[in-house]
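Notes for the one structure printed next.
Source: prediction; values computed, not measured.
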Amino acid sequence: MDLFLQQIINGLTTGSIYCLVALGLTLVYGVMHLPNFAHGSLYMMGAFITLTLIKSSGLNYWLAMLASAVALAAIGIAAERLVFHPLRNAPHANNLIAAVGLLLFLEGLAHVIWGPEFWQLPTPYDRVVQFLGLTITQQRLFIVAATLVLLAGLYLFLKKTLVGASIEAMSQDRKGASLVGIKVSRVSMLTFAIATGLAAVAASLAGPINLVYPSMGHIVILKAFVIIVLGGMGSLPGAVLGGYILGLAESMGATYISMAYKDLIAFAILVLILSLRPTGLLSGGVK
Amino acid sequence: MLRMIDVSVNYGHFRALKKISLEVNEGEMVALLGANGAGKSTIFQTISGLIKPAGGAIEFMGKRIDGLPPDQIVRLGVSQCPEGRHLFPQMSVYKNLILGAYVRSADRKGTAETLQEIYKLFPILEEKKNDPAGSLSGGQQQMLAIGRALMSRPRLLLLDEPSLGLSPLVTKEVFRVVKEINRAGTMVLLAEQNANVALRLVGRGYVIENGEIVLEDSSRGLLSNAQVKKAYIGA
Ligand SMILES: Nc1ncnc2c1ncn2[C@@H]1O[C@H](COP(=O)(O)OP(=O)(O)OP(=O)(O)O)[C@@H](O)[C@H]1O
Ligand SMILES: [Mg+2]
């Protein structure tokens with residue numbers, strides 16, 4: 001029973017990280033119809049920037065994470081302006097190629113700046129706590145709590161503010177949004193900023209329990225794509241649901257089936273769900 | 001007033017509009033008649049700034065608007081209710097209407113007033129204000145699309161085939177309200193294939209074929225025109 005509970009906590013931790021990454025990916029997809037393959041590299045950049053700020057400027061973990069989120073939001077806006085905006089009327093394939101190009105560029109950049117080594121992100125929450133008779137690191141609890149706060153914040157922003165509504169409007173009907181006077185480029189930039197900012201936070205949260213290295217985004221982005229296909233492309237609740245389903249399934253699978261097959265589980269679930277519901281669990285625009 | 005002067009539009013190599021000139025004067029309601037593919041929606045999209053013309057000029061209230069981005073054209077008082085409605089299907093009726101007032105969101109009091117006016121014009125929208133737009137019937141969606149377009153308080157309303165897919169009864173109801181909106185001082189440019197209904201509503205109209213204006217006359221003149229009768233009224 002304890003083992004089971006322990007795995008639930010682990011699953012919720014990984015699920016939280018997946019959630020934050022997948023939310024950004026699905027937001028960008030919903031608004032710009034762009035499957036942003038570079039999202040994983042932006043996630044990686046977020047981890048390295050937090051790491052650098054802590055190691056070299058001695059910034060505390062919180063401030064470093066915040067600064068990294070802001071930096072990544074700026075990088076996201078720059079990527080939208082410099083890479084994707086000029087291609088807005090180009091054939092779809094050009095966007096895909098550009099995304100892959102951006103991925104390669106960012107990874108190369110990380111190699112040049114930080115080298116190929118593996119780093120551990122220091123955290124002030126490195127002690128273990130006893131919780132319901134379980135031994136858990138504080139960081140894991142922090143990840144889950146921080147994610148819940150961010151989810152609530154994002155929900156309120158999208159549902160209760162006009163700026164949030166303009167993002168939803170754009171993802172539900174682009175032409176309708178333009179005709180009421182919503183500026184397409186402003187919403188695109190904002191969406192990118194939110195997505196990359198969330199990725200930076202996710203990476204900074206995960207950094208202390210996983211490692212930080214230039215290709216750390218690969219497996220995360222693959223999983224995030226599985227999640228948004230699973231949840232329904234462009235659906236935010238779908239991304240949250242899919243993120244936690246995958247996180248839990250992986251930790252259960254690793255314990256009760258085999259550690260070696262952990263990463264395979266994501267794809268097994270994908271095949272299973274898509275054969276039952278080809279449009280994903282909660283398909284549709286941003287809800 | 002709106003004035004299009006020799007406006008041409010290309011889709012790639014295909015010339016969809018050839019030197020279109022038309023105008024809508026203060027207080028007028030004008031029809032734009034044409035068959036499928038004639039170019040009506042292209043004209044509307046060009047006025048709204050979604051498509052840039054290849055040549056010619058568009059003026060609104062004496063100011064050049066061709067080349068301006070869509071949001072500025074809405075701000076200047078030109079609002080479009082597009083063909084196919086383009087509502088935000090998963091948002092409530094209320095939120096669709098509020099987004100219609102996006103360009104004047106700072107004016108909360110004015111927006112609330114306009115909202116009440118729209119509810120008065122289309123009481124069903126108030127009844128269904130919390131329902132997702134996508135759950136409404138076709139007629140109700142059309143009313144919502146018109147309501148949303150009116151939320152910016154336009155001086156000119158571009159209405160693209162509002163009767164499409166609606167029963168004659170609902171069409172009549174929608175047009176009754178459009179007439180009311182026009183009487184209250186809003187200019188209306190109405191695109192229709194259904195000339196019979198449209199011409200009973202407007203003062204004058206243009207007939208467009210293959211991207212060109214081929215006829216311009218008062219509605220009485222058009223209604224008795226043999227060519228129009230044959231092509232658009234089916235009499
Ligand atoms: N995005 C586009 N790309 C290429 N050609 C287009 C595009 N949109 C419209 N066309 C073409 O331009 C012409 C005019 O189309 P438009 O939609 O303006 O006609 P319409 O009068 O609104 O027709 P309908 O009554 O069917 O709505 C048609 O021949 C159409 O095929
Ligand atoms: Mg049309």
Smallest separation among heavy atoms of [X] and [Y], with atom names:
X	Y	answer
R186(A)	Y102(B)	NH2-OH, 4.0 Å
K95(B)	A165(A)	CE-CB, 3.9 Å
S105(B)	L162(A)	CB-CD2, 3.2 Å
V74(B)	V180(A)	CG1-O, 4.2 Å
P70(B)	S178(A)	CB-O, 3.9 Å

Q.
Please rank V103(B), N96(B), I98(B), L99(B) by heavy-atom pairs under 4.5 Å with chain A and give me the top one.
A. L99(B)

Q: Just give me the residue among M91(B), Q72(B), Q80(B) that pairs up with chain A most often, heavy atom to heavy atom, under 4.5 Å.
A: M91(B)

Mark yes when over 12 heavy atoms from residues, nucleotides or ligands other than [X] sit less than 6.0 Å from its [atom1]; otherwise mark no.
X	atom1	answer
N210(B)	CG	no
F267(A)	CZ	yes
Y119(B)	OH	yes

Q | Interface residues of residues 28-36 of chain B facing chain A - non-hydrogen atoms under 4.5 Å apart | A | none

If I measure from the heavy atoms of chain A, does [X] come under 4.5 Å with its side chain, its backbone, both, or neither?
X	value
I73(B)	neither
R85(B)	neither
S152(B)	neither
L50(B)	side chain
P89(B)	both

Q: Give a yes or no answer on whether the side chain of Q172(A) reaches the backbone of Q90(B) with a donor-acceptor pair at less than 3.5 Å.
A: yes

Q | Between SG on residue C81(B) and CG on residue L179(A), distance to nearest 0.5 Å | A | 9.5 Å

Q) Got Q45(B) and K175(A) here, is their nearest side-chain heavy-atom distance under 4.5 Å? A) yes

